[in-house]
Amino acid sequence: MMVYRGVLKRASHHSRRLSGNVVYKRSSKTLDKFHLDKGYDQRDALKKQKRTPDEPGNPTKGFAALTRNEVLRLASVLKRCGQTKALADGKLVHAHIRRCRYDRNTFLGNWLVQMYGDCGRMADARAVFDALPTHNLHSWTVLIKGYVKNGCGREALDCFEGMQISGIQPDCVHFTCALDACASLGALDKGQKIHAAIIGSGYEERLIVGTALVNMYGKCGNIFEARSVFRKIPQRDVICWNTMIAVCAQNGHGEEALDFYNEMQCDCVKPNYVTYVSVLDACASLRALQKGQEIHATIVVRSYEGQIVIGTALINMYGKCKSLQDARNVFDRMLQRDVVAWNAIISACAQNAHSKEALEYFDEMQNNGIRPDHVTFACALDACADLVSLEKGQELHAAIINNGYEGHVLVANALINVYGKCGCLLDARGVFYQMFQRDVVSWNAMIAACAHNGHGNEALYYFNEMQNEGTKPDQITFLSVLNACSHTGCIDDGRKYFILMTEDHGLTPKMEHYLCLVDILGRAGHLDEAEGLVNTMSCENKVRVWLCLLGACRIHGDVERGVRAANHVFKLDPNSPAPYVLLSNMLVQAGRLDDARKLRGIEL
DNA sequence: ATAGGGTTAG
């Protein structure tokens, strides 16, 4: 702060001397005052003074050119403003440049664009860029970089194209920025086109370009290409390895992520704490508690445990691996906790049926002066849904609106879920229809809300709508759809959607899908078909499915089949009392009291 | 004349 303030003063002083304009002296003073107490009145005072310069007349008269050193000094001040995110100071420098009539200067304009971009003000950056009469290579670089840094991938790619249209060849910085934009947008085809342009540009050998490619392919879900690019990179550093590991972990290839982690060490590349964040992510996705604990030990040995990101990743891993106590221990040991760390513990509790505790953490974080963000609200809402607590859910909904988070997809999805679970289909619909953007989770939540409240046909309506809008259903969608079918009791629909899922969408049904279909078929009395279906299931855990069939057999009095189903459960889960209860009820109903008594004998 | 690009937690 002190450094560039001094520089700015000096720059102002020089200008005053050169231009003979008294205003600069005053504005310089005001600038100092402004720094002392940041008051808005001072800024207003400054604005008033800004209008005083002798605007009419020849700009060159009374506005002598800045010396090269003065320009460089202003540039360095702008750089510092950007680095320290000192937007207010940057604006003052901008005003100063404008008064010097240097705002059409490409060199300073580029620096202004960079400053505004660093401060997160892309609209201002763009305005400066557009006002420049001439753009050079660097003008495009700072603009594109600003867009990428601020998460505006769409605009970044537009500029990348605009630059080429205006006849400028992109260099490797532009390529990496553009790949970043594709990664954030999940724009695989654009990314592939850029890849093609990179091959033949001579930049494909560069480590950073290669890393950006691995990242782009990974973020777009094309792990095959990511791996193939990675393997072609001759000299890989730790960031490159980290990227590959992260990409595997994020795409559910946990085993492969751990393989890469081992391989990098064989390659004598020393993992850093970022590596461990992704390795923990891999353990979390694999639900590999033991491996996770092992990695935790390594983290402690290498003194990375104090990193807030590592602590958060550990909480997440333990939460996913169903070891809430380990998660709590990590959380308690953390010296510093930010909102993400609190979110992690809230989420860990909510995922492990400790929803009350999750809401306690939610209150506690606010007592600790940490403001909840959109993820916090989504996690807290998950806890409400689990508790079926409409009251708390409504309270959170009000807080969400107060904090302006109702527009977040994550939050809206969680709200639909809460209202659905609490039987408020009307409120669920209200949230759903107010959304600007919907993802597959939004549709799933809405379909589940309908199914849960017995509106099977409405659920199927949303299922059709989502496809009309171009959203691809996933396994969870089909689970809710099958649930809806079990509400309508339409076995044809049940069969139809099961086949649609497996054959048209190529999704592998999970135990829960079979469970649903067996339930639909069983309750309708299609016991033979249901049993056949269970027999086609691969090695998954079939206990619940056999139990479901057993229940159906009891309803329809099919004792022989019921005994078969019960025997499967006995074998798979010898300690479960459920099959005994169901089977003995069924035997009693069938009048086979002796058999029922015998069965009770076994049970005792 | 500028400066610099790739990885990471909920």
Side-chain angles (χ1 to χ4, degrees), chain A residues 68-69 71-72 74-76 78-79 82-83 105-115 117-118 136-139 141-142 144-145 148-149 170-181 183 203 206-216 218-219 229-230 233 236-250 260 264 271-281 284 304 307-317 319-320 327 330-331 334 337-351 358 361 365 372-380 382 410:
Chain A
R68 184 193 151 95
N69 270 346
V71 169
L72 288 177
L74 285 169
S76 98
L78 283 171
K79 181 184 173 189
Q83 282 169 343
N105 174 281
T106 304
F107 177 71
L108 283 178
N110 292 349
W111 277 109
L112 282 166
V113 171
Q114 178 163 337
M115 182 277 292
D118 287 345
N136 56 24
L137 180 77
H138 194 57
S139 315
T141 311
V142 286
I144 294 171
K145 224 162 50 184
V148 171
K149 258 196 187 153
D171 72 9
C172 59
V173 179
H174 306 116
F175 281 129
T176 49
C177 284
L179 288 171
D180 258 16
Y203 294 124
R206 300 256 185 134
L207 175 60
I208 291 169
V209 175
T211 307
L213 276 168
V214 171
N215 185 48
M216 182 278 291
K219 291 276 150 60
V229 172
F230 179 78
I233 300 174
R236 290 170 292 218
D237 67 356
V238 63
I239 299 181
C240 191
W241 281 99
N242 289 352
T243 307
M244 194 61 230
I245 293 169
V247 150
C248 287
Q250 287 158 2
F260 276 118
M264 84 183 276
N272 62 14
Y273 82 99
V274 179
T275 318
Y276 287 103
V277 173
S278 296
V279 170
L280 288 170
D281 199 23
Y304 292 134
Q307 300 268 3
I308 202 160
V309 188
I310 286 285
T312 309
L314 280 167
I315 294 169
N316 176 48
M317 182 274 291
K320 294 262 162 49
V330 173
F331 184 77
M334 288 177 85
R337 303 179 190 108
D338 62 4
V339 62
V340 188
W342 283 94
N343 292 348
I345 192 72
I346 293 170
S347 165
C349 291
Q351 285 166 10
Y361 274 117
M365 89 177 255
D373 68 4
H374 64 287
V375 181
T376 320
F377 281 116
C379 294
D382 284 347
L410 206 63

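Numbered from 1 within each chain, the chains take letters A, B, ... in sequence-line order.
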Grab the [atom1]-[atom2] distance between [X] and [N] for me, whole Å please.
{"X": "W241(A)", "N": "dT8(B)", "atom1": "CH2", "atom2": "C1'", "result": "18 Å"}
{"X": "I310(A)", "N": "dA9(B)", "atom1": "CD1", "atom2": "C1'", "result": "9 Å"}
{"X": "D118(A)", "N": "dA3(B)", "atom1": "CG", "atom2": "C1'", "result": "11 Å"}
{"X": "I239(A)", "N": "dT7(B)", "atom1": "CD1", "atom2": "C1'", "result": "6 Å"}
{"X": "M264(A)", "N": "dT8(B)", "atom1": "CE", "atom2": "P", "result": "14 Å"}
{"X": "N242(A)", "N": "dA9(B)", "atom1": "CG", "atom2": "P", "result": "11 Å"}
{"X": "Q114(A)", "N": "dG4(B)", "atom1": "CD", "atom2": "P", "result": "7 Å"}
{"X": "M317(A)", "N": "dT8(B)", "atom1": "CE", "atom2": "C1'", "result": "16 Å"}

Tell me which nucleotide among [options] gets nearest to the side chain of [X].
{"X": "D338(A)", "options": "dA9(B), dA1(B), dG6(B)", "result": "dA9(B)"}
{"X": "W111(A)", "options": "dT8(B), dT7(B), dA3(B)", "result": "dA3(B)"}
{"X": "T243(A)", "options": "dA3(B), dT7(B), dG6(B)", "result": "dT7(B)"}
{"X": "V173(A)", "options": "dG4(B), dG6(B), dA9(B)", "result": "dG4(B)"}
{"X": "A246(A)", "options": "dT8(B), dA3(B), dG6(B)", "result": "dT8(B)"}
{"X": "H138(A)", "options": "dA9(B), dG6(B), dT2(B)", "result": "dT2(B)"}
{"X": "R68(A)", "options": "dT2(B), dT8(B), dA1(B)", "result": "dA1(B)"}

Looking for any heavy atom pair under 4.0 Å, which part of the strands does [X] touch: base, sugar-phosphate only, or nothing?
{"X": "L179(A)", "answer": "nothing"}
{"X": "V214(A)", "answer": "nothing"}
{"X": "K219(A)", "answer": "sugar-phosphate"}
{"X": "D373(A)", "answer": "base"}
{"X": "F175(A)", "answer": "nothing"}
{"X": "Q83(A)", "answer": "nothing"}

Judged by modelled atom types alone, do D281(A) and S278(A) share a side-chain donor-acceptor pair under 3.5 Å?
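No, S278(A) and D281(A) have no side-chain donor paired with an acceptor closer than 3.5 Å.
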
Does any donor-acceptor pair link the side chain of D180(A) with the base of dG6(B) at a separation under 3.5 Å?
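Answer no: no donor N or O sits under 3.5 Å from an acceptor.
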
Is it the case that dT8(B) (base atoms only) and N272(A) (side chain only) share a donor and an acceptor within less than 3.5 Å, ignoring hydrogens and angles?
no

Applying side-chain contact (heavy atoms from CB on, under 4.5 Å), can you list everything that pairs with D171(A), at least two apart in sequence or on another chain?
L137(A), V173(A), H174(A), Y203(A)

From the list I239(A), D180(A), L179(A), V229(A), side-chain contact (heavy atoms from CB on, under 4.5 Å) partner of N215(A) resolves to D180(A)

Pairing of D118(A) and K79(A) as salt bridge, 4.0 angstrom limit:
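No.
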
If you define the side chain from C-beta out and look only at heavy atoms, does anything of V71(A) sit under 4.5 Å from R68(A)?
no

So, does K145(A) get its side chain near the phosphate of dG6(B), meaning an N or O under 4.0 Å from OP1 or OP2?
no

side-chain N/O N110(A) vs dT2(B) OP1/OP2, d < 4.0 Å
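Looking at the OP1 and OP2 atoms of dT2(B), neither is under 4.0 Å from any side-chain N or O of N110(A).
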
By ring pair (Phe, Tyr, Trp, His ring centres under 6.0 Å) - contacts of Y276(A) (at least two apart):
Y261(A), Y304(A)

